[in-house]
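Got a structure for you, written out below as structure tokens; questions coming shortly.
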Amino acid sequence: MKAGLVGYAQTGKTTLFNALTGLTAQTGAAGRGSKANLGVIRVPDARIDKLSSIFKPRKTIYAEVHFVDVPGPRAKGSGLDAATIQALQGVDALAVVLRGFPSEDGTVADPIRELADFDTELLLNDQIVIERRLERMKKEKGREREQAALEKCFAELGAERALRGFSLPADEERELASYSFLSRRPLLAVVNVPEADAASAVAEPLAKAAAARGVEIVSICASIEAEIARLPTAEQADFLASMGIAEPAAARFIRGAYKLLDYVSFFTVGEDEVRAWTIRRGDKAPRAAGRVHSDIERGFIRAEVMPCDMFVEVGTEAKMRELGKLRVEGKDYVVHDGDIVNFRFNV
Ligand SMILES: Nc1nc2c(ncn2[C@@H]2O[C@H](COP(=O)(O)OP(=O)(O)O)[C@@H](O)[C@H]2O)c(=O)[nH]1
Ligand SMILES: [Mg+2]
């Protein structure tokens, strides 16, 4: 998964990026360059840890999230520049960082306002794209359905509603497949709260405002988390506990993003490799096979499936088979979160 951290200047994007990735990109004015920072983290997963202790494989591979720290608009209403738009179009999840701490000059935090302003930014950008497209289409023939779909989107945006909650009949939906509207992307809001609120849940009014926009929200204190990320791994858990924080920012962020995108994980196991793979909830076995290799999807015969939770208790595939818990599934099988899958294929 690729996630883009966006938002206004001085909201703590780079600090959060550092906290999530354990890297140290420059924060503050000096770090506000035009280039995006790139980082990768492994998705923590206790199930993979357990499988790895059973198989003792040569390689243990966790799912990964790639992060881009996008410079973003400098001030409200300044619009999204071309570089930002391009960076945003390449990500699966948009995460907007909202300032929840008082700024250096003492300006109070207003994350509800900031979320509304940023959403407007996305929405205006889509409006411009659609307007231009409709203008050009006037001269083209045979594109009535596409035009109708775009006009409906345009009306929705005109009512100041983002497109993420907007649905169209399937035939019109297909016409929009080649567009990547920013306001239609799943959006995760990360409110960067002061240290005193590091362990608190998202404030009720902000949680409601986010829900009304169809936005998932998590609360993180980026400055504390960045400090923690710099500690040796062995000391991190104690420090978190002393702050009353149940789990590190990366884990909370990833959970929010997975929920938002409706992602689930399945596993492949063996002496060579224990590995987590990410798919969308509802994906069927051949599509899941395609994550591993396109040949396996092409030559898919069947999938042998065991639920991970039961497997780690039982301990061996032979016993699972005896218990009748190793199932053979075909191409219509919907892969579940936590399935251990062995694909049979022929190419
Ligand atoms: N008090 C406080 N300051 C923060 C926090 N996160 C970032 N800052 C400060 O806000 C300024 C901007 O941070 P930066 O991460 O560069 O923001 P960006 O412009 O969004 O990338 C820096 O001076 C940070 O030290 C936070 O959680 N609390
Ligand atoms: Mg920055």
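Atoms within each ligand, like the ligands themselves, are counted from 1 in listed order.
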message: Within the 3.5 Å criterion, strictly below it, is a donor on Y179 or E146 matched to an acceptor on the partner's side chain?
response: yes
task: Using a strict cut-off of 4.0 Å, indicate which atoms of ligand 1 neighbour a heavy atom of K13.
output: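 Reading through ligand 1 atom by atom, the close ones are 15 (O), 17 (O), 18 (P), 19 (O), 20 (O), 21 (O).
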field: Numbered atoms of ligand 1 (with element) below 4.0 Å of Y8, judged on heavy atoms
entry: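 Under 4.0 Å from Y8, ligand 1 has these atoms: 20 (O).
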query: For ligand 1, which atoms have a heavy atom of S223 less than 4.0 angstrom away?
result: 26 (C), 27 (O), 28 (N)
Proximal ligand 1 atoms for E104, defined as those under 4.0 Å from one of its heavy atoms: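 It comes down to these atoms of ligand 1: 23 (O).
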- request: Using a strict 4.0 Å cut-off to heavy atoms of A9, name the atoms of ligand 1 that fall inside it.
  value: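 Once the distances to A9 are compared, the set is 19 (O).
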message: Would you say the Mg ion (ligand 2) has T14 as a near neighbour, meaning an N/O/S atom of that residue under 2.8 Å away?
response: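 Within the cut-off used here (under 2.8 Å), T14 does place an N, O or S atom near the Mg ion (ligand 2).
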message: Using a 4.0 Å cut-off to any heavy atom of V193, which atoms of ligand 1 qualify?
response: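 In order of number, 27 (O).
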query: Hey, is E195 touching ligand 1 through its side chain, its backbone, both or neither, going by heavy atoms under 4.0 Å?
result: neither
- request: Mark yes when over 12 heavy atoms from residues, nucleotides or ligands other than R113 sit less than 6.0 Å from its CZ; otherwise mark no.
  value: no
field: Whether over 12 other heavy atoms sit under 6.0 Å from R184 CZ
entry: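 Yes - once you tally the heavy atoms of other residues, nucleotides and ligands closer than 6.0 Å, there are more than 12.
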query: Is there a nitrogen or oxygen of C221 sitting under 3.5 Å from a nitrogen or oxygen of ligand 1?
result: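 No, there is no polar N/O contact under 3.5 Å.
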- line: Residue set satisfying side-chain contact (heavy atoms from CB on, under 4.5 Å) with S103, at least two apart, ordered chain then number -> R99, D105, T107
- request: Could you please spell out the steps behind the salt bridge (Lys or Arg N to Asp or Glu O under 4.0 Å) verdict for R145 and E175?
  value: CA-CA 7 Å; R145 226 177 11 210; E175 299 293 327; 3.3 Å; yes
message: Evaluate N192 for polar contact with ligand 1, using N/O atom pairs at a separation under 3.5 Å.
response: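 Yes, at least one N or O pair falls under 3.5 Å.
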task: To the nearest 0.5 Å, tell me how far L5 CG sits from L20 CG.
output: 6.5 Å
- prompt: Tracing side-chain links under 4.5 Å among I, L, V, M, F, W and Y, which residues wind up in one group with I279?
  reply: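 When side chains under 4.5 Å apart are linked, the cluster holding I279 also contains V264, F266, W277, V292, I296, F300, V305, Y333, V335, V341, F343, F345, V347.
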